[in-house]
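Below, read A as the first sequence line, B as the second, and so on, with proteins coming before strands; counting in each chain starts at 1.
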There are 2 protein chains.
Amino acid sequence: MYQDNNYKITSCRDCKVKSCAAAVLNINEIDQVNENSREAAFKKGDIILHEGSMTSHIIYLKSGLVKEFQKGSNDKEQILQIVKKHTYLGLPSLFGDRINHYSYAALEDITVCYIDLNIFNRLVRQNGNFAYEILVSVSRDSLNNFHRFMNQSQKKTYGRVADALLYFSKIIYESESFEVPFSRQEFADLIGISRESATRVLTKFKEEGILHLDGRTISVINPDLLQQISKNG
Amino acid sequence: MYQDNNYKITSCRDCKVKSCAAAVLNINEIDQVNENSREAAFKKGDIILHEGSMTSHIIYLKSGLVKEFQKGSNDKEQILQIVKKHTYLGLPSLFGDRINHYSYAALEDITVCYIDLNIFNRLVRQNGNFAYEILVSVSRDSLNNFHRFMNQSQKKTYGRVADALLYFSKIIYESESFEVPFSRQEFADLIGISRESATRVLTKFKEEGILHLDGRTISVINPDLLQQISKNG
DNA sequence: GACATTGTGTGATATCTGTCACATATATTT
DNA sequence: AAATATATGTGACAGATATCACACAATGTC
């Protein structure tokens with residue numbers, strides 16, 4: 001569903017997102033970004049970036065939720081993380097081989113900014129505070145990947161499901177009740193188990209009074225117990 | 001086994017490791033580092049950093065091999081990666097909460113440099129090229145964690161063992177024949193399987209003529225087949 | 001060299017989890 | 001509203017892998 005206003009140019013000076021580059025850039029630098037960036041809107045389900053593609057622009061997520069994923073060699077989709085607004089997408093790829101290692105898809109209607117790669121690189125080298133911000137961001141990404149790795153490596157199905165629920169509850173939605181933006185299959189892909197196993201564990205948790213289930217809406221009743229299950233594998 | 005010359009002060013100006021900070025720092029900056037850093041030697045098996053400790057200094061690995069690991073909640077050791085010389089240890093932790101998330105142990109006799117954290121941070125903000133180098137390093141780390149995660153998530157035992165062998169052969173030792181610096185238990189910890197499974201897969205590979213085994217020395221005979229096994233899970 | 005300690009190989013078994021099969025529920029289209 | 005497609009729940013089963021148990025080898029210690 002392509003729409004005409006999909007690509008509209010706005011001014012970075014007027015951008016209300018103060019957490020982005022603007023916070024540590026001076027007027028001059030912001031204008032540089034402004035002249036070499038554009039805003040774009042995506043509809044729920046749209047693919048923003050496809051793994052394997054070359055990086056030409058940095059993408060900054062202005063609003064909405066995005067899933068970061070990859071298709072394994074066996075064509076199984078593995079979801080790496082859910083990206084919240086005010087985050088740059090795919091930074092590690094930029095400072096590596098410049099090939100995007102992940103795909104990104106919109107989980108809801110979103111807006112992003114495309115920033116020219118050369119400008120971005122120049123700013124990193126020019127503005128130490130900006131570089132530091134980016135370093136913090138990439139570091140967070142690294143630790144996230146590490147966390148996922150440990151989860152996968154040391155936890156069994158129950159622990160992983162518990163972990164995913166806490167992830168949604170505490171980090172993504174910051175609420176005990178939330179609607180998972182995924183089908184059961186996608187939820188399973190997120191934690192690397194089969195759809196059937198995901199279903200079974202969720203109903204088990206429901207039976208044990210740990211949570212309420214109503215379609216894709218989940219209410220965590222006993223987060224402490226979830227925490228314990230997550231911890232003990 | 002503590003020894004007197006464990007901590008000896010040398011000059012960064014004279015440091016022969018040109019790949020480190022020195023490459024992108026000017027004389028003035030190098031002197032700053034020099035005044036706030038020191039060299040140290042560790043014996044094989046020594047712990048260099050313990051997970052959970054606060055970060056006060058950056059550690060640069062000058063020579064030798066180091067294993068990066070973490071003990072899970074179930075006390076099971078998970079080895080994250082083998083770190084080669086000319087690498088900073090634990091960067092992501094520095095730009096995050098400043099708590100070391102990993103432990104590091106020397107796999108052989110090594111030397112490291114301790115660099116004052118404040119100096120390091122100042123340099124990042126001051127020298128864009130230095131910041132960029134660090135960004136590349138952290139990005140590599142992030143992608144490595146991601147790679148490990150995908151391996152864990154999508155591969156079964158055989159694929160993981162094959163992958164580990166290729167890792168040793170191609171990345172760590174760059175040779176078909178090498179002595180694994182690990183016990184079978186540690187080798188298993190590296191890829192997140194049981195000791196017994198590790199043994200079984202290795203002997204299976206031996207029977208199939210993929211490799212030679214002589215204690216901890218492994219010779220890869222058929223790397224192509226290993227590659228295929230790794231790829232197909 | 002004898003002993004203790006630690007590491008390694010290998011079989012038997014239990015458990016966990018993916019796969020298949022199908023019923024039911026929900027969403028979408030006509 | 002009926003029909004079709006898609007998503008979800010649930011049982012039966014097979015296969016993979018951890019665990020347990022123990023024999024044997026290697027290594028370190030006295």
- Message: Is there a side-chain contact between B:R216 and the phosphate of C:dT8, meaning an N or O under 4.0 Å from OP1 or OP2?
- Response: yes
- Is the closest side-chain heavy-atom distance between B:I221 and B:I210 below 4.5 Å? no
- Item | For atom CZ of B:R184 and atom P of C:dT8, their distance in whole Å | 6 Å
- Message: One character per nucleotide, please: for nucleotides 12-20 of chain C, 5' to 3', B when the base has a protein heavy atom closer than 4.0 Å, S when only the sugar-phosphate does, - otherwise.
- Response: B---SSSBB
- Whole-Å distance separating the CZ atom of A:F182 from the C1' atom of D:dT8: 17 Å
- Could you state the CG-P distance from B:D214 to D:dA26, rounded to the nearest angstrom? 10 Å
- Query: Name the one of B:R98, B:H101, B:E51 that satisfies side chain to side chain donor-acceptor pair (under 3.5 Å) with B:S93?
  - Reply: B:H101
- Consider only side-chain N and O atoms of B:Y104 and B:E68, and report whether a donor and an acceptor are under 3.5 Å apart. yes
- Show your working on side chain to side chain contact (heavy atoms under 4.5 Å, CB included) between A:K76 and A:K71 and close with a plain yes or no. CA-CA 5 Å; A:K76 219 175 98 175; A:K71 286 224 159 74; over 6 Å; no
- Let me know the distance between CG of A:L213 and C1' of C:dT26, rounded to the nearest Å. 16 Å
- Let me know the distance between CZ of B:F205 and P of C:dG9, rounded to the nearest Å. 15 Å
- Item | Neighbour count above 12 (heavy atom, 6.0 Å) for B:K156 NZ | no
- Task: Starting from P on D:dT10, measure out to NZ on A:K204 and report it in whole angstrom.
- Result: 13 Å
- Task: Answer yes or no: are there more than 12 heavy-atom neighbours, outside B:Q228 itself, under 6.0 Å from its atom CD?
- Result: no
- Atom CD1 of B:I218 and atom C1' of C:dT8: how far apart are they, to the nearest Å? 14 Å
